[in-house]
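One structure below.
Proteins get letters first, then strands, A, B, ... in listed order; numbering begins at 1 in each.
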There are 2 protein chains.
Amino acid sequence: MAVTDEAIEKIKGMIVSGALRPGDRLPKESELAAELGLSRNSLREAVRALSLIRILDVRQGDGTYVTSLDPQLLLEALSFVVDFHRDDTVLEFLAVRRILEPAATAMAAARISEQQLDALANQLDKLGTDPSVEELVACDLEFHRGIVQSSGNSVLCSLLDGLSGPTTRARIWRGLTQEDAVSRTLHEHRAILAALRDRDAEAARSWATVHIASVEQWLRSTL
Amino acid sequence: MAVTDEAIEKIKGMIVSGALRPGDRLPKESELAAELGLSRNSLREAVRALSLIRILDVRQGDGTYVTSLDPQLLLEALSFVVDFHRDDTVLEFLAVRRILEPAATAMAAARISEQQLDALANQLDKLGTDPSVEELVACDLEFHRGIVQSSGNSVLCSLLDGLSGPTTRARIWRGLTQEDAVSRTLHEHRAILAALRDRDAEAARSWATVHIASVEQWLRSTL
DNA sequence: CGATTCAAGACGTCCGATGTCTCAGCCACA
DNA sequence: TGTGGCTGAGACATCGGACGTCTTGAATCG
């Protein structure tokens with residue numbers, strides 16, 4: 001195994017074993033390199049790789065630190081990876097989202113606060129009845145994120161956040177070509193919100209499923 | 001932005017835009033470095049980072065290539081990230097798995113082949129009635145992977161593979177020395193298999209839910 | 001014709017120097 | 001005495017070049 005890969009594994013080991021804890025500062029590059037038995041250049045490659053996936057946080061002039069290791073942070077790297085997928089796998093991503101999002105929405109029905117509900121309602125109202133496609137999609141993302149956050153599961157939340165990337169493009173595309181997509185989306189959002197207000201998990205789940213399935217169906221018929 | 005980060009973005013751009021396609025070979029390091037306007041050292045950091053998350057495949061003595069970019073490959077990096085999570089978030093990962101795995105199992109009920117079913121049955125038989133914990137864990141992983149693969153959604157499959165990474169699972173099982181856990185697991189596996197054979201998606205889903213929920217419950221009571 | 005050898009090409013690793021940024025401590029000023 | 005700027009030490013950023021190791025394929029020899 002290459003020394004750089006070894007270094008990656010060793011640093012990983014130090015973190016997993018607890019020798020390095022979230023927020024801890026690593027020894028300076030030259031010291032750590034000596035400690036691990038490789039050159040500073042090679043060590044830097046390892047550090048850079050771990051920083052790309054948000055394990056390490058490198059601050060020039062200061063030092064290198066272990067990040068908080070929050071699921072949110074680590075899964076953020078997921079969206080970077082997801083960006084590489086081509087359109088022919090969008091359907092598979094959407095299918096996964098169709099599983100997760102309704103479940104998250106149902107979970108939120110039991111936990112979402114009144115303030116959160118009001119905030120969501122406000123957000124929908126602010127959009128008006130004839131928004132631009134870009135506005136609608138941005139609002140859509142925000143709306144769903146707000147709900148999923150209320151599911152109380154940060155892993156679920158981050159995962160959905162990452163998966164939503166590629167489908168965003170598809171939704172924009174759809175909004176541009178399908179006439180009634182905008183009004184239908186608005187209607188579905190209000191239905192989801194109403195179900196959440198009623199604390200009706202099953203209704204919330206169903207509306208969320210319908211919401212995603214309609215995008216999926218359109219996409220399938222288009223490809 | 002640092003030159004290395006710039007290089008990462010540029011290489012990403014070349015791939016996303018289609019200038020570099022899966023399997024393509026990159027210019028040699030010195031040339032690419034000159035092309036992107038940085039030193040070979042800095043470029044190598046970028047390449048190393050992209051190779052950690054399986055975007056690039058570096059072969060010493062040969063050259064650097066774009067990987068197939070299969071969802072399977074890219075999400076493989078997920079397990080690397082998941083390894084960093086501490087025990088207090090295991091429950092959240094498990095909750096996500098509890099959503100995905102039953103859905104995948106239900107999907108498999110409609111698509112799984114007879115050969116696949118026989119293979120799964122064989123695998124369970126081979127384990128005997130009193131396996132070691134290590135054998136059981138390995139078999140458990142294999143069993144679920146086999147089913148999820150039959151769901152026909154490679155994104156879903158890779159995601160579950162990453163989430164139920166060896167570390168997570170191992171940690172759960174290590175403490176799981178409950179006597180009846182082994183036999184109960186075996187029983188549940190057989191029930192899932194029977195439901196699949198019957199093409200009974202709902203039964204398969206329910207058994208999968210029960211299967212995961214029992215682990216979840218045990219874990220919750222232990223932490 | 002096949003096996004072996006060898007050389008070119010490409011990545012792997014290291015070194016040392018210099019640039020740039022951050023932070024903390026010192027000092028002058030009000 | 002408090003505040004603000006200045007400055008120097010420390011740490012990361014980047015570079016260029018040298019040398020090692022590995023892969024591959026062509027040339028060579030039996």
Inset, instruction - Would you kindly give the CG-to-C1' distance between Leu36(A) and dT13(C), to the nearest whole Å? - result: 15 Å

Legend entry - From dA13(D), dC11(C), dC15(C), nucleotide with atom closest to Ala2(B) side chain: dA13(D)

Inset, instruction - Whole angstrom is fine here: how far is it from CG in Leu56(B) over to C1' in dC11(C)? - result: 13 Å

Inset, instruction - Let me know the distance between CZ of Arg59(A) and P of dC23(C), rounded to the nearest Å. - result: 8 Å

Inset, instruction - Answer yes or no: does atom CD of Gln123(B) have more than 12 heavy-atom neighbours from other residues, nucleotides or ligands under 6.0 Å? - result: yes

Inset, instruction - Assess the side chains of Glu76(B) and Ser158(B): does a donor N or O sit below 3.5 Å from an acceptor N or O? - result: no

Legend entry - Gap between atoms CG and P, on Asp5(A) and dC11(C) respectively (whole Å): 16 Å

Legend entry - Greater than 12 external heavy atoms within 6.0 Å of Arg59(A)'s CZ: yes

Inset, instruction - Nearest whole angstrom, please: distance from the C1' of dG12(C) to the CG of Asn41(B). - result: 11 Å

Inset, instruction - For a side-chain hydrogen bond (donor to acceptor under 3.5 Å, both in side chains) with His211(B), tell me which candidate from Arg98(B), Glu101(B), Glu188(B) qualifies. - result: Glu188(B)

Inset, instruction - Return the residues of residues 26-35 of chain A meeting this criterion: a heavy atom under 4.0 Å from some atom of DNA chain D. Order them by number, or give none. - result: Lys28(A), Glu29(A)

Inset, instruction - Hey, which sits more toward the 5' end of DNA chain D by its nearest nucleotide, Val58(A) or Asp62(B)? - result: Val58(A)

Inset, instruction - Could you pick out which residue, Gly61(A) or Gly37(A), lies toward the 5' side of DNA chain C when each is mapped onto its nearest nucleotide? - result: Gly37(A)

Inset, instruction - Take Asp57(B) and Thr64(B) through the side-chain contact (heavy atoms from CB on, under 4.5 Å) test and state the conclusion after the steps. - result: CA-CA 6 Å; Asp57(B) 179 20; Thr64(B) 302; over 6 Å; no

Legend entry - Check: dG16(C) base within 3.5 Å donor-acceptor of Arg40(A) side chain: no

Legend entry - Side chain of Gln60(B) (C-beta onward), nearest among dG16(C), dG20(D), dA13(D): dG20(D)

Legend entry - Worked verdict on Val215(A) versus Leu94(A) for side-chain contact (heavy atoms from CB on, under 4.5 Å): CA-CA 9 Å; Val215(A) 177; Leu94(A) 205 54; 4.0 Å; yes

Inset, instruction - Please list all pairs passing the salt bridge (charged side-chain N to carboxylate O under 4.0 Å, His left out) test where one or both residues lie in residues 107-117 of chain B, with sequence neighbours left out. - result: Glu114(B)-Arg197(B), Glu114(B)-Arg199(B)

Legend entry - Under-4.0 Å salt bridge between Asp5(B) and Lys10(B): no

Inset, instruction - Over 60° means perpendicular and under 30° means parallel, so classify the ring planes of His189(B) and Phe143(B), tilted if in between. - result: parallel

Inset, instruction - Check every atom of dT14(D), dC14(C), dA13(D) against the side chain of Ser39(B) and return the nucleotide holding the closest atom. - result: dT14(D)

Legend entry - Side-chain N,O (Thr4(B)) to OP1/OP2 (dA13(D)) below 4.0 Å: no

Inset, instruction - Starting from P on dG10(D), measure out to CZ on Arg25(A) and report it in whole angstrom. - result: 12 Å

Inset, instruction - Please work out which residues in residues 42-51 of chain A have a non-hydrogen atom less than 4.0 Å from an atom of DNA chain D and list them by number. - result: Arg44(A), Arg48(A)

